[in-house]
Amino acid sequence: MKTLSENRVFDGVQGVYVHPSVTCGCEMTFALYLPPEAAHSKVPLLWYLSGLTCTHENAMTKAGMQKYAAELGMAVCFPDTSPRGADVADDKAFDLGQGAGFYVDASQAPWDPHFRMWSYVTGELPRLIGDHFPVEMDRQSITGHSMGGHGALTVAMRQAERFASVSAFAPIANPVASDWGRKQFTAYLGNDEADWAAHDSSLLMRDHGFDGPVLIDQGTSDQFLDLLRPETLAEAMAARRQDGVFRFQKGYDHSYFFMATFMEAHMAFHADALDL
Ligand SMILES: N[C@@H](CCC(=O)N[C@@H](CSC=O)C(=O)NCC(=O)O)C(=O)O
């Protein structure tokens with residue numbers, strides 16, 4: 001692993017690191033914020049999974065998480081959203097290929113050699129972080145935006161033992177019934193829709209939910225509302241009687257201005273679940 005940069009911010013360190021990924025078969029970059037406490041003891045870890053077109057950098061620079069992470073004593077990890085490189089398959093569309101890994105392991109050509117974001121964020125990257133940084137791997141929570149909200153919810157519901165809490169900003173909430181999902185799952189996973197269900201947060205919520213608190217924020221002026229299908233997840237939470245809150249926030253769109261506005265509340269929610 002190589003350090004690309006380390007900057008002091010709110011008395012902690014915002015680092016960016018690159019490592020050869022066995023899972024993705026290419027170099028992967030991630031960012032990790034360590035709060036001041038991490039200089040002398042291990043700290044809990046919050047994952048932030050980003051959306052379409054993002055790298056590790058968007059949330060690191062625009063979500064305003066470092067101030068709250070420093071105050072709460074929490075590390076934050078920002079993975080990339082896909083494998084990258086000249087040898088990695090891509091597509092002209094912004095919502096397929098590089099920058100659009102959808103947190104699944106592809107089984108179809110030409111994506112299958114590298115597009116293994118499920119295994120990367122659930123296996124290889126957590127192991128690497130736990131081995132190299134002062135984080136408490138038995139105290140983790142997860143959040144994300146849009147495609148990353150979909151990732152956060154599906155990872156949390158399928159690896160419930162790993163996470164104290166899950167939240168999401170404007171998640172792609174029902175990808176099996178949306179053009180943000182059907183196109184990508186067909187490309188990455190193939191035509192058998194039975195293989196898609198494990199990556200749909202509304203279906204997972206209906207089937208088994210999450211054993212912990214859930215917080216979802218969705219802007220009412222989001223330009224992608226019809227693709228996100230928030231009502232399907234809200235209905236599934238109600239049907240499941242899930243411990244959680246689903247909030248429609250009046251006038252907010254899909255941008256990082258929305259995340260920055262509600263980030264403090266999300267981080268306080270996770271801090272509470274992590275007993276901070
Ligand atoms: N270029 C696209 C819009 C892409 C976009 O809005 N991406 C969002 C995530 S959307 C769902 O996953 C994002 O977070 N972008 C990065 C940012 O820094 O804002 C279009 O033209 O429609």
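Owing to the predicted nature of the structure, the values given are computational and were not obtained by experimental measurement. For ligands, and for the atoms within them, numbers begin at 1 and follow the listed sequence. In what follows, residues are counted from 1 in the order of the sequence shown.
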Would you find a donor on one side and an acceptor on the other, under 3.5 Å apart, between the side chain of Q218 and the backbone of P230? no
Using atom types as modelled and distance alone, determine if a side-chain donor or acceptor of Q108 lies under 3.5 Å from a backbone N or O of T186. no
Would you check ligand 1 and list the protein residues that come within less than 4.0 Å of it by any heavy atom, ordered by chain and number?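 Residues G51, L52, T53, C54, N58, K62, F94, H145, S146, M147, W180, F224, H254, Y256 each place a heavy atom under 4.0 Å from ligand 1, listed by chain and number.
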Would you kindly say whether T154 and H199 are connected by a side-chain donor-acceptor distance under 3.5 Å? no
Just by distance, with hydrogens left out, do H56 and D80 show a side-chain donor and acceptor under 3.5 Å apart?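 Their side chains do not contain a donor-acceptor pair, so the 3.5 Å distance test is not met.
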List the residues meeting side chain to side chain contact (heavy atoms under 4.5 Å, CB included) with E6, not counting sequence neighbours, and say none if there are none. T3, V13, Y17
Is it true that R182 and E193 make a salt bridge, defined as a side-chain N closer than 4.0 Å to a carboxylate O?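 Between E193 and R182 there is a salt bridge, with a charged N closer than 4.0 Å to a carboxylate O.
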